[in-house]
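Single-structure report; data block below.
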Amino acid sequence: MDAPVENNVKPVRRSKEDKKVIRKQLKASHTLLKHEGISTAPQPTKSLVVANGGLGNGVSREELSAALKQMGEVDKLIMHPNKPYAFVKYRSEESARKAHINLNGEKLQCGENSVTLYLSYVDSVTCEEEASVPLPEGLVLVEDFVCSEEEALLLAAIDWSSTNTDVTAQKALKHRRVKHYGFEFRYDNNNVDKDKPLPAGIPQECLPVLERCVKNQHIDIMPDQLTVNQYESGQGIPPHVDTHSAFEDTIMSLSLGAKTVMEFRHPDGRLVAVVLPERSLLVMKGESRFLWTHGITPRKFDMVPACDPQSFGDTTPDLRTSSNLTLSKRGTRTSLTFRKIRNEPCCCAFPSACDSQGAPPAPSPPPPPSLPCCHADAALLEEQYVHRVYDAIASHFSSTRHSPWPRVCHFLCSLPPGSVLADVGCGNGKYLGVNLELSAVGCDRSSALVQICAERGFQAFVSDALSVPLRAASCDACISIAVIHHFSTQERRLAAVQELVRLLKPGGRALIYVWAFEQEYNKQRSKYLKDHNKELPENHNPAENSPEESQEPQGKSSVHSSSHSEDNYRTVDNNQHVTDDKLSVHTNRTAFETKDLLVPWHLKDGKKRVEGDSGEGGKKDQQKEKSKKTSRSKAALDCNPATSPGFDSNIFSHSSLDTIAATHSSKPIPGCDTSQTCSSALKSESEIIPAPVFHRYYHVFQQGELEQLCAQQTGVTVQSSYHDQGNWCVILEKALNR
């Protein structure tokens with residue numbers, strides 16, 4: 001009989017931290033496969049996918065490259081636009097192993113913020129050939145048109161400290177501040193008063209530059225009107241076409257102080273993003289001036305080519321598909337836009353967009369809704385400004401709701417194994433999988449969000465939070481996270497609490513979160529307010545502890561022959577007190593002025609309208625067609641925005657940064673504005689509906705209000721209450737004798 005063979009293989013003991021990193025890495029791999037179709041390899045290779053290391057997470061190429069190069073020689077680094085991951089290929093497999101061991105679970109500092117990297121092997125890394133797109137016809141970009149000395153001279157000539165606003169018509173607009181020279185452009189009627197020139201003509205310091213423009217044939221005649229816009233980081237200008245009847249053909253814009261990205265959009269849906277370097281001159285003539293809208297999305301970082309591209313002539317790098325991008329932090333940019341006043345009607349070749357040739361003006365937006373005065377009014381308001389909205393924005397909403405809030409997780413993990421949990425208003429189900437030892441079920445009023453839950457393997461059903469089809473006293477615990485603040489009357493908010501209590505077994509507990517009126521508490525500002533001035537990419541999502549969207553505000557105006565017009569929907573500024581019963585639109589990332597309000601949601605991208613289509617479906621971004629196998633293909637609008645009062649078609653929204661669980665949206669979006677931004681003739685040229693902005697109804701709770709609401713319910717006690725990142729929260733316990 002053979003002697004037993006000694007087993008020399010010793011089990012590897014891993015620390016709790018190592019096990020945690022492995023779990024997170026596996027979860028990241030699962031997320032990449034489920035939402036992006038990226039398969040990881042079980043064995044080491046030269047190539048790695050770096051989860052959380054993408055442009056969409058606020059990681060620049062320079063920051064990630066520096067960390068990766070410490071592990072060995074990098075062959076290629078691919079960072080796709082808007083993605084929360086990157087691909088790296090090392091020269092050797094040994095370097096890839098080293099990166100996999102040493103960088104997994106490590107934090108990468110990105111400016112004031114940090115991300116945790118999770119690396120997995122992939123079989124190969126493919127890099128498509130860099131593409132370029134044609135510039136709009138008539139558009140010319142001249143780099144380094146002025147030198148640094150001329151730039152300093154021109155900036156010094158613009159005196160922002162002047163208090164005599166009559167001379168230069170200086171104004172502080174919502175997204176920028178502005179001065180006019182020669183003639184004032186009036187934003188109330190999108191035109192100029194040609195009979196009332198301003199005392200201040202174009203500054204003398206500009207004349208040498210303009211003479212050079214004429215000499216180089218960028219313009220035929222000297223301009224007589226100058227608009228100066230100053231943009232701080234995070235500011236922008238809505239997409240617009242400069243009014244045809246106000247100005248002649250050629251318009252020139254000089255960029256000073258900082259670079260930015262300007263987006264040009266054709267009525268047929270073509271989008272061209274153009275990087276405007278500091279000291280460059282942009283010349284718009286013909287089609288690019290009369291037909292294409294141009295605008296700057298408000299954000300603090302732009303995605304730009306990692307190295308200055310060579311002269312492309314009539315083309316520009318395609319920033320939507322390039323893999324050689326990085327993040328460029330915006331600085332204070334001053335633009336000098338020179339134009340010539342038109343004294344005769346415009347006779348351009350684009351009558352559908354021309355106000356001189358009969359293109360009708362954009363209609364006024366509908367009036368905002370009023371506070372409900374009865375049960376029927378409340379139900380209607382919530383249907384239009386909550387239920388329809390969340391169904392429409394479900395996919396985009398879900399893509400911003402992927403990280404469970406820590407204190408909610410703590411509550412769920414405190415429940416005994418085998419407990420029955422009901423998540424009432426579960427959204428995309430992000431809490432249903434927190435504690436796998438629970439028997440968890442969710443419900444939501446939005447069928448689109450419930451569908452997302454099903455795709456993720458969670459049990460959920462469609463239900464109103466006021467009438468959940470579960471037996472009384474059937475649940476050990478209930479959670480209601482960011483739901484009750486959508487009910488528009490005190491009676492309905494109380495009924496929502498009563499329904500939670502009905503579901504609880506005696507001794508069961510419920511956790512309730514609502515949005516707080518006090519976004520600053522104990523001298524600490526919530527992340528929602530902090531992100532107003534935080535220098536992050538547009539949709540980097542640090543404020544997930546807020547029930548609100550984490551996007552930067554992006555109010556946009558109508559397309560039709562408007563020049564830099566401001567938002568038409570009534571908003572609440574910080575000094576305004578509303579005295580009527582009309583709901584006002586809140587300005588994102590600012591303190592609340594009223595308790596009942598509409599909060600904007602800026603939907604990513606637009607959707608194509610097919611002739612004869614009812615408007616259902618079809619919100620998919622063409623750039624993401626290849627992801628049809630994933631639930632991303634369900635990112636279509638589930639309702640026609642034009643039928644929803646919460647939709648504001650006067651406001652455009654453009655590209656935004658995805659997150660690692662990208663494009664799986666949840667939750668309803670508030671009311672829709674049915675007014676259209678384009679003339680009917682313009683719509684006949686185009687089958688594109690611009691990206692909409694929706695408005696959701698909210699009642700924000702003041703300190704003590706949630707506790708008072710719960711105190712009206714008999715047979716329960718408030719175990720604890722607290723303020724958590726801009727939310728008021730309570731934990732209720734149902735009495736044992738109930």
Phe145 ring centre to Arg212 NZ or CZ under 6.0 Å, with the angle to the axis within 45°?
yes
So which heavy atom on Glu62 is nearest to which on Thr326, and how close?
OE1-OG1, 2.7 Å
Aromatic Phe247 / basic Arg339 pairing, under 6.0 angstrom, 45° off normal
yes
Output for pair (Glu63 CD, Cys110 SG), nearest 0.5 Å, gives 4.5 Å
Going from CG on Leu319 to CG on Asn324, what distance comes out if it is rounded to the nearest 0.5 angstrom?
11.0 Å
Roughly how far, to the nearest 0.5 Å, is CG of Leu141 from OG of Ser253?
10.5 Å
Side chain to side chain contact (heavy atoms under 4.5 Å, CB included) test vs Glu137 passes for just one of His266, Glu287, Lys285, namely Glu287
If you measure from NZ on Lys259 to CD on Glu278, what distance do you get to the nearest 0.5 Å?
9.5 Å
Measure the spacing between CE of Met284 and CZ of Phe290 and express it to the nearest 0.5 Å.
11.0 Å
Only one of Gln235, Glu263, Arg333 forms a side chain to side chain contact (heavy atoms under 4.5 Å, CB included) with Ile296, so which one is it?
Arg333
To check you understand the geometry: which heavy-atom pair defines the closest contact between Glu184 and Val192, and what is its length?
O-CG1, 3.4 Å
To the nearest 0.5 Å, what is the distance between OG1 on Thr594 and CG on Leu583?
8.0 Å
